Amino acid sequence: MWKGKYSERLVRNKIQKLPEEYVVFNNLLFEDNEHSTQIDHIVVSPYGVFVIETKGYKGWISGGENSEYWTQTIYKSKHQFYNPIKQNAGHVRFLRHLLKGSANILFIPIVVFNNSAALKVHANNSIVVNRHNLKRAIRQYKTSVLDRETIDWIIRTINQNRIIGDKNKLKQHKHNAKARQYRSSSLISQGICPLCGGQLVLRQGKYGSFYGCSNFPKCKFTLNS
C-alpha cells in the first residue's frame with residue numbers, strides 16, 4: 001500500500017507540471033447506489049478527459065489487453081494482479097454515467113507504471129506507459145474537442161460529487177476491493193472461472209499458453225499461464 005501511495009504521489013507531481021489548461025484531480029472517491037469508485041487521477045483539458053490508473057509495480061509486467069489478470073515477475077517470483085486496463089475501463093464507465101449530461105466527451109484512459117517496470121504488455125487499443133512517458137502520452141492529444149463551458153461543467157460536476165476527507169469511506173472501499181480480489185484468487189486457485197463458475201482450461205494462443213474459461217465464447221475470461 002505504501003509503494004502504491006508513493007507511486008501515486010510521483011504521478012501527481014508529474015501531471016501537476018502540465019500547463020494551466022490542464023486541470024488535475026488526484027485520489028478521488030465517488031459513491032453511487034451504495035457502490036464506491038476510487039480513481040487515482042483525472043486530468044480535464046480542452047483535448048479530452050484523461051483517466052489515469054497508477055500501478056507501483058516493478059519488474060517484468062506481462063499481460064494482454066483482454067486478459068483478466070496480468071503478471072509481475074521479479075527474478076523467479078510471480079504475482080498476478082487484476083488487469084489495470086479493465087480496472088480503468090470501469091472508472092471511465094462511471095464517469096460516463098456521472099457526466100451523462102454531455103454525450104460528446106472524449107475520455108482517454110491511461111495506465112502508468114513505475115519507471116523501473118519492464119512492460120511486456122500486448123495492448124493495441126490502450127495506453128500503457130512508464131511514468132517518464134506519461135506527459136508525452138497526454139500531450140500527444142492536440143485537437144481541441146471540449147469548449148470552455150463544457151470543461152467548467154465537468155470540473156463543477158466532479159467537485160460536487162467527489163467525497164472529500166472521509167478516510168473511513170476510503171478505507172471501506174479498499175477493504176471491499178481486496179475482498180473481491182481474494183474471492184477471485186481463491187476461485188482461480190481451484191481452477192474455477194471467477195466470472196461464471198466454469199472450468200479453467202489450458203489453451204495455446206498467439207502469445208503463448210493461457211487459461212481460458214470452458215464456457216467460451218459466452219465467457220471471455222483469460223489468465224496468463
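Just so it is clear, the model here is predicted, and its values are computed rather than measured.
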Legend entry - Check against side-chain contact (heavy atoms from CB on, under 4.5 Å), I52 and N88: CA-CA 7 Å; I52 302 172; N88 213 23; 5.8 Å; no

In terms of hydrophobic clusters joined by side-chain contacts under 4.5 Å, are [X] and [Y] together?
{"X": "V111", "Y": "L10", "value": "no"}
{"X": "V92", "Y": "I151", "value": "yes"}
{"X": "I138", "Y": "V128", "value": "no"}
{"X": "F94", "Y": "L106", "value": "yes"}
{"X": "I39", "Y": "I85", "value": "no"}

Where do [X] and [Y] come nearest, in terms of heavy atoms and distance?
{"X": "G198", "Y": "C213", "value": "CA-SG, 4.2 Å"}
{"X": "G48", "Y": "I108", "value": "CA-CD1, 4.1 Å"}
{"X": "F25", "Y": "N159", "value": "CE2-OD1, 3.4 Å"}
{"X": "G63", "Y": "S67", "value": "C-OG, 4.4 Å"}

Legend entry - Whether over 12 other heavy atoms sit under 6.0 Å from N13 CG: yes

Legend entry - Q160 atom CD, neighbour heavy-atom count above 12 within 6.0 Å: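 Above 12, so yes.
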
With a 4.5 Å cut-off on side-chain heavy atoms, are [Y] and [X] touching?
{"X": "S7", "Y": "K55", "result": "no"}
{"X": "S126", "Y": "P109", "result": "no"}
{"X": "F81", "Y": "Q72", "result": "yes"}
{"X": "I188", "Y": "L200", "result": "yes"}
{"X": "E68", "Y": "N83", "result": "no"}
{"X": "Y69", "Y": "F221", "result": "yes"}
{"X": "V11", "Y": "D40", "result": "no"}
{"X": "Y57", "Y": "I74", "result": "no"}

Inter-residue atom distance [X].[atom1] - [Y].[atom2], 0.5 Å rounding:
{"X": "I15", "Y": "N26", "atom1": "CD1", "atom2": "CG", "answer": "5.0 Å"}
{"X": "R9", "Y": "T54", "atom1": "CZ", "atom2": "OG1", "answer": "13.0 Å"}
{"X": "E65", "Y": "K86", "atom1": "CD", "atom2": "NZ", "answer": "10.0 Å"}
{"X": "Q38", "Y": "E31", "atom1": "CD", "atom2": "CD", "answer": "12.5 Å"}
{"X": "K14", "Y": "H41", "atom1": "NZ", "atom2": "NE2", "answer": "12.5 Å"}
{"X": "L146", "Y": "W153", "atom1": "CG", "atom2": "CH2", "answer": "10.5 Å"}

Using modelled atom types only, decide if a donor and an acceptor are shared between the side chain of [X] and the backbone of [Y] within a distance under 3.5 Å.
{"X": "N133", "Y": "V129", "result": "no"}
{"X": "N115", "Y": "N130", "result": "no"}
{"X": "N114", "Y": "A117", "result": "no"}
{"X": "E53", "Y": "Q87", "result": "no"}
{"X": "R12", "Y": "N27", "result": "no"}
{"X": "S214", "Y": "Q199", "result": "yes"}
{"X": "N161", "Y": "T157", "result": "yes"}

Inset, instruction - Output all residues satisfying ring-ring contact (aromatic ring centres under 6.0 Å, His included) with F50, sequence neighbours left out; order by chain, then residue number. - result: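 For F50, the residues satisfying ring-ring contact (aromatic ring centres under 6.0 Å, His included) (neighbours in sequence not counted) are Y141.
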
Inset, instruction - Hey, could you give me each pair passing salt bridge (charged side-chain N to carboxylate O under 4.0 Å, His left out) that has a residue in residues 87-110? Not counting sequence neighbours. - result: none

Legend entry - Pairs meeting criterion salt bridge (charged side-chain N to carboxylate O under 4.0 Å, His left out) with involvement of residues 119-143, two or more places apart: none

Legend entry - Between H91 and T37, a side-chain donor and acceptor under 3.5 Å: no

Legend entry - Y22 and V44: CA distance, side-chain angles, deciding distance, side-chain contact (heavy atoms from CB on, under 4.5 Å) verdict: CA-CA 6 Å; Y22 296 85; V44 184; over 6 Å; no

Inset, instruction - May I have the step-by-step check of side-chain contact (heavy atoms from CB on, under 4.5 Å) for F30 and L98, ending in yes or no? - result: CA-CA 10 Å; F30 301 94; L98 180 68; 4.0 Å; yes

Inset, instruction - Indicate the ring-plane relationship of W70 and F113, choosing parallel, tilted or perpendicular according to the 30° and 60° boundaries. - result: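 Geometry flag for F113 against W70: parallel rings.
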
Inset, instruction - Determine, step by step, whether I42 and L95 satisfy the side-chain contact (heavy atoms from CB on, under 4.5 Å) criterion, reporting the C-alpha distance in whole Å, the side-chain angles of both residues, the deciding distance to 0.1 Å, and the verdict. - result: CA-CA 10 Å; I42 299 175; L95 290 174; 3.9 Å; yes

Legend entry - D152 with R156: basic N within carboxylate O range, under 4.0 Å: no

